[in-house]
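Quick caveat, the model's predicted, so the values are computed rather than measured. Order of the sequence lines sets the chain letters (A, B, ...), proteins ahead of strands, with each chain counted from 1.
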Number of protein chains: 2
Amino acid sequence: MSPKFIDKSEKTREITKTALRLFSRKGYTATSVGQIADSACMGKGTVYEYFSSKEEIFIRAISDWIMETLDRLDEMTGQIPDPLHRFESFFKMMREIFNFKDPGTVKLFVEINQQTFTENGAFKKHRHIIKEMRSKFCRMVEDILLDGVSKKLVWPEVAREAHKIAVNLLAYLDGIGIHYLISENYPEYEEQVDFYIKNFINAIIIKPDHRGS
Amino acid sequence: MSPKFIDKSEKTREITKTALRLFSRKGYTATSVGQIADSACMGKGTVYEYFSSKEEIFIRAISDWIMETLDRLDEMTGQIPDPLHRFESFFKMMREIFNFKDPGTVKLFVEINQQTFTENGAFKKHRHIIKEMRSKFCRMVEDILLDGVSKKLVWPEVAREAHKIAVNLLAYLDGIGIHYLISENYPEYEEQVDFYIKNFINAIIIKPDHRGS
DNA sequence: TTGTCCGCCGACCGATGGTTCGGGAATAAT
DNA sequence: ATTATTCCCGAACCATCGGTCGGCGGACAA
């Protein structure tokens with residue numbers, strides 16, 4: 001009895017990590033289970049010891065990635081008290097997550113969209129996860145804005161429309177990611193985002209020389 | 001000699017139109033040539049009389065759609081002299097093109113992205129078409145902005161950054177389209193866009209009570 | 001050493017779908 | 001009516017892929 005024991009969770013993780021890389025490069029349908037197995041240096045049968053279907057691999061890989069990302073973001077921005085600094089840190093993190101020097105993440109984002117919105121898409125049944133991720137991002141931005149208002153760093157009008165502002169900001173980030181994939185020009189992209197954010201901050205903060213008046 | 005003649009171009013068109021509908025609903029890979037043939041009420045073999053491969057159908061369908069869209073946009077905004085009205089018309093048209101009451105077009109947009117950016121994607125070799133479409137959109141917005149500046153309706157600073165502003169605006173529109181697919185809530189989406197555009201216009205135009213000063 | 005059982009594997013199966021092909025239907029000229 | 005030519009088709013071919021299964025190897029206990 002008890003002949004041989006293996007850390008199952010580690011192998012599971014190996015599979016999802018490998019799969020995620022392939023999915024982001026080649027897309028879900030174009031990636032075969034055989035390729036995943038080869039890349040993870042194991043037999044196809046072994047993959048099926050850990051997952052019951054290709055779809056399950058995808059769901060697990062994406063879900064894990066989203067959870068990790070949200071956790072990292074939380075941890076990164078959690079204990080910064082100044083809302084403007086927190087905003088800055090939020091953006092720095094967004095750039096790291098969407099690491100645009102390597103377009104993998106944006107491609108993954110495109111792939112997730114495709115599998116979420118397409119009929120019979122592999123992620124269709126789990127779109128609530130995407131929705132929740134977005135809500136969470138949104139709430140983070142809203143919190144920063146409201147905190148800014150309460151500390152008199154941001155115009156009070158912003159509080160009323162905090163939600164809309166947050167949604168629009170996130171929409172912009174999604175869109176610019178896609179634009180970056182098209183332009184294939186990283187420096188231009190960086191300038192673009194900087195320009196946008198600079199104007200964004202300019203529009204919402206109370207200039208120091210107006211403060212306290 | 002000369003026994004039987006058929007309008008080839010009409011059939012070609014029938015196929016691409018049908019295919020485009022299916023591609024936007026189910027995605028490229030999930031749509032089979034057999035389904036396209038059935039939906040277009042012809043045999044699978046007939047489809048191959050007009051196209052040499054499934055990929056060619058996709059490329060043709062997407063390219064045609066893009067050309068048409070650009071033409072319609074040109075025609076719609078071409079002869080409006082007032083830049084602010086032109087801007088308004090541009091947006092109205094954008095909404096019609098991206099007809100958000102029917103998410104088909106946004107889904108198509110997602111599908112195009114996927115096939116353009118993914119390794120071995122069906123549209124990868126033709127990404128210059130996407131690039132050109134974007135450039136054209138961009139130029140239209142830039143023209144409106146510069147015209148606005150020269151007519152003293154828009155702040156002169158805008159001229160210097162017209163390109164960046166245009167790119168960011170288009171990025172936003174792409175992003176909000178995806179957001180709309182996630183939220184599955186059309187009225188909310190309309191409000192979002194209105195809010196953004198209202199602020200955008202507010203930020204660039206010279207208020208009437210400041211004019212001529 | 002031997003038996004047992006876990007973990008691993010890749011040949012195999014069935015289904016699907018892109019592409020081909022050979023012939024049948026339709027048409028018009030002779 | 002015959003024939004030449006074009007158009008149309010769907011059965012058949014072939015490759016690929018998701019998923020299964022029977023068995024192999026090695027580790028541990030006795």
Counting side-chain heavy atoms from C-beta on, which of [options] comes nearest to [X]?
X        : options                  : answer
Tyr48(B) : dT19(C), dG18(D), dC8(C) : dT19(C)
Thr46(A) : dC8(D), dG18(C), dC9(C)  : dC9(C)
Lys11(B) : dC8(D), dT19(C), dG18(D) : dC8(D)
Lys8(A)  : dG7(C), dG18(C), dG19(D) : dG7(C)
Tyr50(A) : dG18(C), dG7(C), dC8(D)  : dG7(C)
Lys54(B) : dC8(C), dG18(C), dG10(C) : dG18(C)

Can you check the [X] [atom1] to [N] [atom2] distance for me, whole Å?
X        : N       : atom1 : atom2 : value
Ile15(B) : dC9(D)  : CD1   : C1'   : 13 Å
Glu55(A) : dC17(D) : CD    : P     : 18 Å
Lys44(B) : dG22(C) : NZ    : P     : 17 Å
Ile36(B) : dC9(D)  : CD1   : P     : 15 Å
Asp38(B) : dA11(D) : CG    : P     : 12 Å
Phe58(A) : dG18(D) : CZ    : C1'   : 16 Å
Phe51(B) : dG18(C) : CZ    : P     : 15 Å
Phe23(A) : dG18(D) : CZ    : C1'   : 12 Å

Inset, instruction - Test the Lys54(B)-Tyr28(B) pair against the cation-pi criterion, namely NZ or CZ under 6.0 angstrom from the six-membered ring centroid and within 45° of the ring axis. - result: yes

Inset, instruction - Taking the six-membered ring for Trp and the single ring otherwise, decide whether the centroids of Phe200(A) and Phe87(A) are under 6.0 Å apart. - result: yes

Inset, instruction - Considering only NZ, NE, NH1 and NH2 on the basic side and carboxylate oxygens on the acidic side, decide whether Glu49(B) and Lys8(B) come within less than 4.0 Å. - result: no

Inset, instruction - Give Ser52(A) one of three labels, base, sugar-phosphate or nothing, depending on what nucleic acid heavy atoms sit under 4.0 Å from its own. - result: nothing

Legend entry - No-hydrogen, no-angle side-chain donor-acceptor test under 3.5 Å, Tyr186(A) and Glu190(A): yes

Legend entry - Distance, nearest 0.5 Å, that separates CD of Glu111(B) from OG1 of Thr118(A): 5.0 Å

